[in-house]
Amino acid sequence: MAAATPPSRDRYVDFLRAVSILAVVTGHWVIATIQRTPRGIEVGNVLSDVSAIRPVTWVFQVMGVFFVVGGFSTRRSIEARRDGSGAQFDSGAFFAGRVERLLRPTIVFVVAWLIGAVALDAIGVNPKLVHAIARIAAQPLWFLAVYLLVTLIAPVQLAVHRRAPFALVVILPITVACVDALRLRHVSSGPAVVNYLLVFAFAQELGFHLANDWDRVTARVALIVAAVGAGIMVLLVTAGPYPVSMVGLPGARVSNMSPPTVCILLLTIVQVGVLTALRPAARRWLERRRVWSATIAVNAGIMTIFLWHLTAAALVGSVMYAAGVLPHPGTATWWWLKLPWFVGCAAVLGVLVAATVGIERLPARTGAQRGRPWVRGVGMLVAVRGLAGFALTGFDHPGSPGGSAFLGLRLSPMVDLGLLLFGYGLAAGWPGARRPELTAPTQ
């Protein structure tokens with residue numbers, strides 16, 4: 001695959017996609033804490049105990065970069081689907097292809113965890129421990145729900161971008177700031193849920209711009225933009241109402257990530273500015289065969305790595321919990337244990353990826369799907385509801401309603417699975433599937 005890479009491919013985009021996911025994995029493994037308390041097992045975040053390291057989240061909170069890369073790839077993919085005759089872009093085919101790539105490994109992950117949760121309960125594992133690790137393992141699914149929503153609006157957003165290239169660059173940040181103001185005034189995160197879409201749609205918009213104009217942005221301009229963005233962030237987290245941490249903390253009055261605030265939007269600008277300045281040197285480095293091969297290897301199983309990385313942490317943490325090896329978070333002993341913790345998590349993740357990455361690598365079955373964009377869109381929304389349900393309630397007690405209510409409903413994991421499967425079927429091309437047509441992936 002490395003030898004067959006066409007000269008037109010922007011290797012830096014693939015590199016950023018891989019690095020952003022690995023940064024998320026590393027960040028989660030670093031900050032995760034598991035404690036034995038009088039109330040039982042407690043899963044937390046070391047940032048709650050060690051406030052001095054909270055600025056480090058400005059480096060590891062890179063979800064915005066992943067959506068920027070997604071916007072870059074989405075624009076390239078949409079434009080590659082147009083032929084020279086000027087035929088209209090088929091959004092139904094675009095949705096079907098994206099949904100299959102995202103949800104096929106996700107469904108395997110969900111089913112495996114539902115079976116695993118039942119098995120753990122059947123053999124008499126502590127119910128509180130099962131609940132804790134099942135909730136941890138389900139957390140990556142919120143990201144996929146948001147990614148599907150951003151993908152759903154991508155064709156319309158790109159059409160707006162072509163007509164008024166800078167409209168959304170201005171409108172979206174202003175709207176996010178207004179939503180933040182309402183949220184802070186009422187001390188309620190309910191209405192602010194819309195920022196999940198607005199903030200990451202802004203990141204996608206940046207990706208649209210970079211797909212066409214990245215080579216025109218000089219390192220000096222990029223660093224000036226990054227410096228201005230960082231300066232505004234410093235003001236917002238010191239004189240303003242926002243916390244320093246770019247990840248949520250248990251019990252915090254305001255979270256920058258749940259839902260995302262204007263700080264996450266600014267952080268995305270800062271990170272993209274710095275990464276743009278590094279781009280020329282990084283592209284030369286990526287011409288090296290081994291570096292590029294490693295980048296391809298990570299991207300080949302990137303969804304599998306992301307889906308299973310918290311499962312690996314939960315399994316290693318449960319072993320430590322059972323063995324009683326749980327020093328207080330933030331102490332010297334706790335930090336020293338991070339090395340064997342990382343080794344254990346990496347080993348378990350390696351086994352899980354080796355066992356399941358083949359699902360992600362299967363040839364696409366949706367290449368011949370055309371039309372029905374509304375059906376595909378409805379299917380994506382249904383799948384989003386299923387994913388959000390899992391992210392809120394976890395995987396344990398499959399047959400019982402529980403967890404947090406969402407959209408006024410409190411559903412069981414089995415109902416969420418049904419929604420996920422039904423949404424996948426509609427969005428990925430069934431019913432009415434034709435003979436599969438295998439196509440090469442686009443940037």
Side-chain angles (χ1 to χ4, degrees), residues 20 23-24 26-28 30-33 44-68 142-143 146 169-203 205-206 219-278 329-331 334-335:
S20 61
V24 170
T26 301
H28 283 163
V30 167
I31 67 175
T33 65
N45 187 323
V46 72
L47 300 173
S48 298
D49 300 278
V50 188
S51 59
I53 64 172
R54 291 176 186 175
V56 176
T57 60
W58 291 32
V59 176
F60 285 97
Q61 178 52 273
V62 292
M63 278 300 183
V65 174
F66 192 89
F67 280 88
V68 171
W142 78 263
F143 163 80
V146 177
V169 173
V170 176
I171 293 172
L172 287 173
I174 292 174
T175 308
V176 170
C178 290
V179 172
D180 276 3
L182 293 174
R183 172 186 178 185
L184 293 168
R185 180 180 178 182
H186 295 94
V187 196
S188 172
S189 61
V193 171
V194 70
N195 269 358
Y196 277 116
L197 181 61
L198 298 177
V199 169
F200 294 120
F202 175 81
E205 183 69 17
L206 290 184
R220 180 182 179 184
V221 170
L223 290 176
I224 290 173
V225 171
V228 171
I232 297 173
M233 285 184 65
V234 170
L235 288 175
L236 290 177
V237 302
T238 53
Y242 297 95
V244 172
S245 175
M246 292 298 127
V247 300
L249 300 178
R253 176 179 174 271
V254 177
S255 167
N256 275 320
M257 194 60 195
S258 303
T261 66
V262 71
C263 286
I264 298 297
L265 186 149
L266 287 168
L267 180 62
T268 301
I269 294 173
V270 172
Q271 291 172 340
V272 169
V274 173
L275 292 171
T276 297
L278 296 173
T331 62
W334 186 86
W335 284 112

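For reference, positions follow the sequence shown, starting with 1.
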side-chain contact (heavy atoms from CB on, under 4.5 Å) partners of [X], counting only residues at least two apart:
| X | result |
| --- | --- |
| Q61 | M63, M246, V247, M257, I264, L267 |
| V270 | A226, A230, M233 |
| V59 | none |
| I53 | V46, L47, V50, V56, W335 |

Passes side chain to side chain contact (heavy atoms under 4.5 Å, CB included), V262 versus V179? Steps please.
-> CA-CA 9 Å; V262 71; V179 172; over 6 Å; no
Write down the atom of [X], the atom of [Y], and the distance for their closest heavy-atom approach.
| X | Y | value |
| --- | --- | --- |
| V62 | A23 | CG2-CB, 3.7 Å |
| L172 | A201 | CD1-C, 3.9 Å |
| P55 | A52 | CD-O, 3.4 Å |
| G273 | A222 | O-CB, 3.3 Å |
| A32 | W334 | O-CZ2, 3.4 Å |
| P259 | A192 | CB-O, 3.3 Å |

Verify, without hydrogens or angle tests, whether T33 (side chain) and N45 (backbone) share a donor-acceptor contact under 3.5 angstrom.
-> yes
Pairs flagged by side-chain hydrogen bond (donor to acceptor under 3.5 Å, both in side chains) wherever residues 226-252 is involved - sequence neighbours left out | D180-Y242
Which pairs with one or both residues in residues 49-60 pass side-chain hydrogen bond (donor to acceptor under 3.5 Å, both in side chains), sequence neighbours excluded?
-> none
Can you sort out the partners of F67 under ring pair (Phe, Tyr, Trp, His ring centres under 6.0 Å), two or more places apart, ordered by chain and number?
-> F143, Y147, F200
Residues passing the ring pair (Phe, Tyr, Trp, His ring centres under 6.0 Å) test with Y196, sequence neighbours excluded, are W142
Should F60 and I31 count as side-chain neighbours, where that means a heavy-atom distance under 4.5 Å?
-> no
With sequence neighbours left out, what residues match T276 under side chain to side chain donor-acceptor pair (under 3.5 Å)?
-> W214
Considering residues at least two apart in sequence or located in another chain, which fulfil the side chain to side chain donor-acceptor pair (under 3.5 Å) criterion with T261?
-> N256
Quick one: which of I174, L182, T175 gives a side chain to side chain contact (heavy atoms under 4.5 Å, CB included) with C178?
-> I174
Measure the spacing between CG of L198 and CG of L265 and express it to the nearest 0.5 Å.
-> 9.5 Å
Take V254 and R183 through the side chain to side chain contact (heavy atoms under 4.5 Å, CB included) test and state the conclusion after the steps.
-> CA-CA 9 Å; V254 177; R183 172 186 178 185; 4.2 Å; yes
